[in-house]
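Throughout, a chain's letter reflects where its sequence line sits, starting with A, and its residues are numbered from 1.
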Number of protein chains: 2
Amino acid sequence: MDFPLKDPLKRQSGSGPSPCAACTVRDWVFCSVLSEHELSRLDEMATHLDLSAKETIFNEGDEAKHLFNVTEGLVKLYKLLPDGREQVTGFLFAGDFLGIAMNDTYAYSAETTQPVKICRFKRSDLEQMFREIPKLENRMLNMATNELVQAQDQLLLLGRKTAKERLCTFLLSLSKRADKRGDSPTLVSVPMSRESIGDYLGLTTETVSRTFSKLKKENVLSLNKGGIVELHNLDDLMGLAEDST
Amino acid sequence: MDFPLKDPLKRQSGSGPSPCAACTVRDWVFCSVLSEHELSRLDEMATHLDLSAKETIFNEGDEAKHLFNVTEGLVKLYKLLPDGREQVTGFLFAGDFLGIAMNDTYAYSAETTQPVKICRFKRSDLEQMFREIPKLENRMLNMATNELVQAQDQLLLLGRKTAKERLCTFLLSLSKRADKRGDSPTLVSVPMSRESIGDYLGLTTETVSRTFSKLKKENVLSLNKGGIVELHNLDDLMGLAEDST
DNA sequence: CGGGATCTTGAGGATGCTCAACGCTAGTGG
DNA sequence: CCACTAGCGTTGAGCATCCTCAAGATCCCG
């Protein structure tokens, strides 16, 4: 186990005195239920970190001392089998919370895929805050519930969908997220590698690439510059995501 | 959508005046954090139901009015694709809680596999109780967290494991549950059909059956009468569950 | 003891994987 | 500013695992 964040001060982001108040993703995250006063207390607890691409945030099995909030960039969560096979359990974008699925140790590894800005909290600090602010605990339960629903959708995908259905489902979910952020739902940024997509969808790099090509040929999408995928018809895509016949 | 439990009184179990106090699974479920007084209040909220095999408890998309506690039998949770493909997201045994993964509507369907005894609570009643008893909400968050960890293990299984590894992982989890209940971890009851196992593991009935036969031939297990599987060596099985080479 | 459902086994086939080569692109350093 | 290169993406051929379809065996319940 390595502890890449052992000396966080060196890498702390140089933001102002109260980063939380200026946080661009504040309304999307669990902070949204807090008052100004509570927020400033959260501020004191938070360590703000800047990470570059391909850095390990923590490893599966590490003692779960921290919780995180991603404020910028892309984080990959994954589990490994002894022989190296990898299953990506999720991608975290700006505004996503990290650290729900765990007891005393992390149940998966977390690694940056792109440069990332992240707020780190001591677990004990947050748990103390939960006890004092019940609505915060309630918010956490809600978030856990949502994650569980998502995980179950992913079980259906991995257990029963074809390669084409899997990729269409994935693109659709990226589209929905983009829409929620206020970005275009048809010009979607796909910032992760083919390999990571494969590890998320239970496929190989090659099958992901081939399936992209097939969808391009069928005029479902275009592959633009800079990892931008243009989705030609979201309704069609929704059909393809559930039943590719 | 059908509502098979519309007239619960007809089917209420004939237990004594305070079934919760006599509940055989009490210590395993969320009730365990409650005092005697709180428990009797829970009693008043609960409806105790007896169901036979293959009954629908609720369907995916139904308004989530109730939460449940299974006290006896076996419940199957599943999701369907439009063309009928099925993914089982979990099996619930005595002591398991039902209703975590949902917001306003159920995210999956629930159906009895064997005759089942179940306690039903109105969601609004329980939520009121959560507000009054924070440790209950905390317990729910814990349970949700555990389910999430399990779901992620299942993602790894469905995305990256071979048929043999999947079946061994499944048998091992049944063995662990049996052990926790105080039953033998090597003489494990497998009360669900090959088809349900397949729908849980992302395989077909035939592949499940063939894989059982293969494991039998390799002397990993025996298939005894009455759906009892004898596991010959749990350590070997743990190896096979992660790496079948 | 009979019969329907479940389980097992077999043969053939399809989807997705492996191995391999090639093309593209972005980042680097001259 | 451009050429180089390493990593990533694409495409192809052959193959393995698991699926489909089908028939028989077994179990369990009435």
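- Pairs passing the salt bridge (charged side-chain N to carboxylate O under 4.0 Å, His left out) check and including a residue from residues 220-236 of chain A, sequence neighbours excluded, do not occur.
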For nucleotides 22-29 of chain D, list the nitrogen or oxygen atoms of the protein found under 3.5 Å from its nitrogen or oxygen atoms, one pair per line.
none

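- Listed by chain and residue number, nothing satisfies the side chain to side chain donor-acceptor pair (under 3.5 Å) test with A/Arg210 (two or more places apart in sequence, or in another chain).
- Among the protein residues, A/Lys54 comes within range of the sugar-phosphate backbone only, with heavy atoms under 4.0 Å from sugar or phosphate atoms but none that close to a base.
- Applying the side chain to side chain donor-acceptor pair (under 3.5 Å) rule to A/Glu218 yields the partners A/Lys164; only residues at least two apart in sequence or on another chain are considered.
- Here D/dT17 presents its P atom at 17 Å from CG of B/Leu167, a figure rounded to the nearest Å.
- Within a heavy-atom distance below 4.0 Å of DNA chain D, the residues of residues 188-204 of chain B found are B/Gly202, B/Leu203, B/Thr204.
- Partners of B/Glu86 by side chain to side chain contact (heavy atoms under 4.5 Å, CB included), not counting sequence neighbours, listed by chain and number: B/Lys76, B/Tyr78, B/Leu80, B/Val88, B/Asp199.
- With B/Ser222 contributing its side chain and B/Asn224 its backbone, the two residues share no donor-acceptor pair below 3.5 Å.
- Protein chain B touches strand DNA chain C; the 5'-most and 3'-most nucleotides with an atom under 4.0 angstrom of its non-hydrogen atoms are C/dT6 to C/dA11.
- For A/Ser213, there are no side chain to side chain donor-acceptor pair (under 3.5 Å) partners at least two apart in sequence or on another chain.
- Note that the two end axes of the helix from C/dC1-D/dG30 to C/dG30-D/dC1 enclose an angle of 50°, each drawn from 5 base pairs, rounded to 10 degrees.
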Mind listing the side-chain donor-acceptor pairs of residues 143-158 of chain A below 3.5 Å, one per line with the distance, residues two or more places apart or on another chain?
residue: A/Thr145; atom: OG1; partner: A/Leu141; partner atom: O; Å: 2.9
residue: A/Asn146; atom: OD1; partner: B/Asn103; partner atom: ND2; Å: 3.0
residue: A/Asn146; atom: ND2; partner: A/Asn142; partner atom: O; Å: 3.4
residue: A/Asp153; atom: OD1; partner: B/Lys79; partner atom: NZ; Å: 2.9
residue: A/Gln154; atom: NE2; partner: A/Tyr200; partner atom: O; Å: 3.1

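- Applying the side chain to side chain donor-acceptor pair (under 3.5 Å) rule to A/Thr169 yields the partners A/Lys161; only residues at least two apart in sequence or on another chain are considered.
- A tilted orientation is assigned to the rings of A/Phe91 and A/Phe170, their planes being inclined by 30° to 60°.
- Nearest-nucleotide assignment on DNA chain C puts the 5′-proximal partner with B/Lys216, out of A/Thr207 and B/Lys216.
- Under the salt bridge (Lys or Arg N to Asp or Glu O under 4.0 Å) criterion, A/Asp183 pairs with A/Arg181, sequence neighbours left out.
- The side-chain heavy atoms of B/Leu171 and B/Val188, taken from C-beta on, include no pair separated by under 4.5 Å.
- The nearest whole Å value for the distance from the NZ atom in A/Lys217 to the P atom in D/dT10 is 13 Å.
- Annotation: side chain of B/Ile118 is not in contact with side chain of B/Thr71 (no heavy-atom distance under 4.5 Å).
- A close approach under 4.0 Å does occur between a side-chain nitrogen or oxygen of A/Ser213 and OP1 or OP2 of D/dT11.
- Remark: the B/Ser209 side chain and the B/Glu206 side chain contain no N/O donor-acceptor pair separated by less than 3.5 Å.
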